[in-house]
Amino acid sequence: MLQFLVRRLIGAFVIIFLIGAFTFFLFYTIPQDFAELSCGRNCTPENIAVIRENLGLDQPITTQFWEFMSGIVTGRDFTQGHCSAPCLGMSFDTGEFVWDSIMDRFPLTLSLTVGGLVIFLALGLGSGLLAAWKRGTVADKLVSGASIVLSSFQIYFLGPIVLGIFVYQSGILDNPKYEPFTENPLAWAAGMIIPWCVMATIFTAQYTRMARSTMIEQLQEEHVRTARAKGMKQRYVFFRYAWRGSLIPIVTILGIDLSALLSGAVVTEFTFDLAGIGRLAVDSSLTKDLPVTMGVMLFGAFFILLLNILVDLAYAYIDPRVRLS
């Protein structure tokens, strides 16, 4: 187990370094003076020269890249002050430290992810298990049909419909907004309920179909049929043997979905006008804000790699037949 974690962690650091290098040098192929971009209107050549020196843009590209990557571990010094590790640089557009900007947006993105996760896992896995348990019955057909219909929806299509019905016409719910959970839990839930439900509607369909198909497949396995032949109750066999084996593909897809959501649910945040990490990534790309774009990409890569490692560890816990070695 320890050797596995060490290998994966070393591989994760290498991948993050390569992603940072690729992004950094790719953006420097753009024929644009970043000091001029950060200077704004009514900018003089003297101001541009000062900004270029403050941002370190007067140094060789290799030196800038090394300072950026080493700053993640040790921090960096700017004329505006010291940037503590993990330092992802300073925004060309706002002059703020990138890590601080990401951390300001992360609670909203985390709230979207956690709330939606709880809802779509409860509904998706529950309905999928019901469909597998009642295979071939009316309940199975209703659940399967509903999942097919819901899977054709998209957030940018369903979101405005829900807003129009429950916010603008009836006024039953307030327009989505973020309130810190620590300040007012009820306001936090009320502001996120519409995005949660819309996200859950889309993801529930996917997990319903997956839970149903994997459960039906597991029920045909030899160890499940052996347990039945020994006279064990159907309910016990269903949850003790088949359910555990069906979790592996579900956990795999869950790790991918979670990493995508935590690194920025772009469509969801734009649909409901929420300023999360996904919105920050798009805005920084439009303004050619290299440090912010790189910071968001590395932040997203970190979660993707972390959740992949956790998924591999979960395999060994869910199914004893899987050995990490």
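What's counted below: heavy atoms across the whole structure, side chains too, no hydrogens, waters or symmetry copies. In this chain, residues are counted from 1 in sequence order.
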Where do T268 and T271 land on the side chain to side chain donor-acceptor pair (under 3.5 Å) test, with the steps shown first? CA-CA 5 Å; T268 305; T271 301; over 6 Å; no
Treating W196 as the side-chain partner and V118 as the backbone partner, does any N or O pair qualify as donor plus acceptor under 3.5 Å? no
Find out if a path of hydrophobic residues (ILVMFWY) with successive side-chain heavy-atom gaps under 4.5 Å connects F13 to V73. no
Through direct or indirect side-chain contacts below 4.5 angstrom among Ile, Leu, Val, Met, Phe, Trp and Tyr, which residues connect to V138? L142
What residues, two or more places apart in sequence or in another chain, satisfy salt bridge (Lys or Arg N to Asp or Glu O under 4.0 Å) together with R8? D312
Decide yes or no on side-chain contact (heavy atoms from CB on, under 4.5 Å) for Y207 and L254, but give the supporting numbers first. CA-CA 9 Å; Y207 283 88; L254 180 62; 3.6 Å; yes
Same apolar cluster: L130 and L219, side chain cutoff 4.5 Å: no
Taking side chain as C-beta onward, heavy atoms only, is L274 less than 4.5 Å from P195? yes
Which atom of V98 lies closest to which atom of S91, heavy atoms considered: CG2-N, 4.0 Å
Could you tell me whether F65 atom CZ has more than 12 heavy atoms of other residues or ligands within 6.0 Å of it? yes
Tell me whether F17 shares a hydrophobic cluster with I15, the cluster being built from Ile, Leu, Val, Met, Phe, Trp, Tyr side chains joined at under 4.5 Å. yes
SG (C83) and CG (D100) are apart, to the nearest 0.5 Å, by 7.0 Å
In sequence, state the C-alpha distance, the side-chain angles, and the governing distance for T113 and L258, and then conclude on side-chain contact (heavy atoms from CB on, under 4.5 Å). CA-CA 7 Å; T113 302; L258 273 181; 3.6 Å; yes
Using residues 290-308 as the side-chain source, report each donor-acceptor pair under 3.5 Å to any protein atom, sequence neighbours left out, with the distance given to one decimal.
unit_1, atom_1, unit_2, atom_2, d
T293, OG1, S284, OG, 3.1
T293, OG1, D289, O, 3.1
N308, ND2, I304, O, 3.1

Check: G276 main-chain N/O paired with R105 side-chain donor or acceptor under 3.5 Å: yes
Path from L163 to L150 over hydrophobic side-chain contacts below 4.5 Å: yes
Once you round to the nearest 0.5 Å, how far does CG of L88 lie from CE of M69? 9.5 Å
Closest approach of A205 and S151, non-hydrogen atoms and distance? CB-N, 3.6 Å
Working to the nearest 0.5 angstrom, can you tell me the gap between D104 CG and F106 CZ? 12.5 Å
Roughly how far, to the nearest 0.5 Å, is the CZ atom of F120 from the OG atom of S127? 12.5 Å
Establish, yes or no, whether a centroid distance under 6.0 Å links the rings of F272 and Y178. no
Using modelled atom types and a 3.5 Å cut-off, is there a donor and acceptor pairing between side-chain atoms of H82 and backbone atoms of G75? no
For the residue pair S101 and E96, confirm or rule out a side-chain donor-acceptor distance under 3.5 Å. yes
For a quick test of reading the model, state the closest non-hydrogen atom pair linking P249 to T214 and the distance between them. CG-CG2, 3.4 Å
Can you see which heavy atom on P176 is nearest to which on I194, and at what distance? CG-CB, 4.2 Å
Kindly indicate, with the supporting measurements, whether the criterion side-chain contact (heavy atoms from CB on, under 4.5 Å) is fulfilled by L9 and I309. CA-CA 8 Å; L9 289 175; I309 294 175; 4.2 Å; yes
Minimal non-hydrogen separation, E179 against W188, with atom names: O-CD1, 3.0 Å
For atom CD of Q59, decide whether the heavy atoms of other residues, nucleotides or ligands shown that lie under 6.0 angstrom number more than 12. yes
Side-chain touch R209/S144, heavy atoms, less than 4.5 angstrom: no
Audit row: S246, Q218, side chain to side chain donor-acceptor pair (under 3.5 Å) steps and yes/no: CA-CA 6 Å; S246 68; Q218 283 296 314; over 6 Å; no
Could you give the distance from CD (Q220) to CE (M215), rounded to the nearest 0.5 Å? 11.0 Å
Tell me, do V143 and R212 make a side-chain contact under 4.5 Å, heavy atoms counted? no
Under a single-linkage definition using a 4.5 Å side-chain heavy-atom cutoff for Ile, Leu, Val, Met, Phe, Trp and Tyr, are M210 and I148 assigned to the same hydrophobic cluster? no
I need the minimum non-hydrogen distance between R279 and D273, along with the two atoms involved. NH1-OD1, 3.3 Å
Pairwise distance CE(M232) to OG1(T226) - rounded to 0.5 angstrom: 9.5 Å
For Q206 and S147, which I'm curious about, is there any donor-acceptor pair between the side chains at under 3.5 Å? no
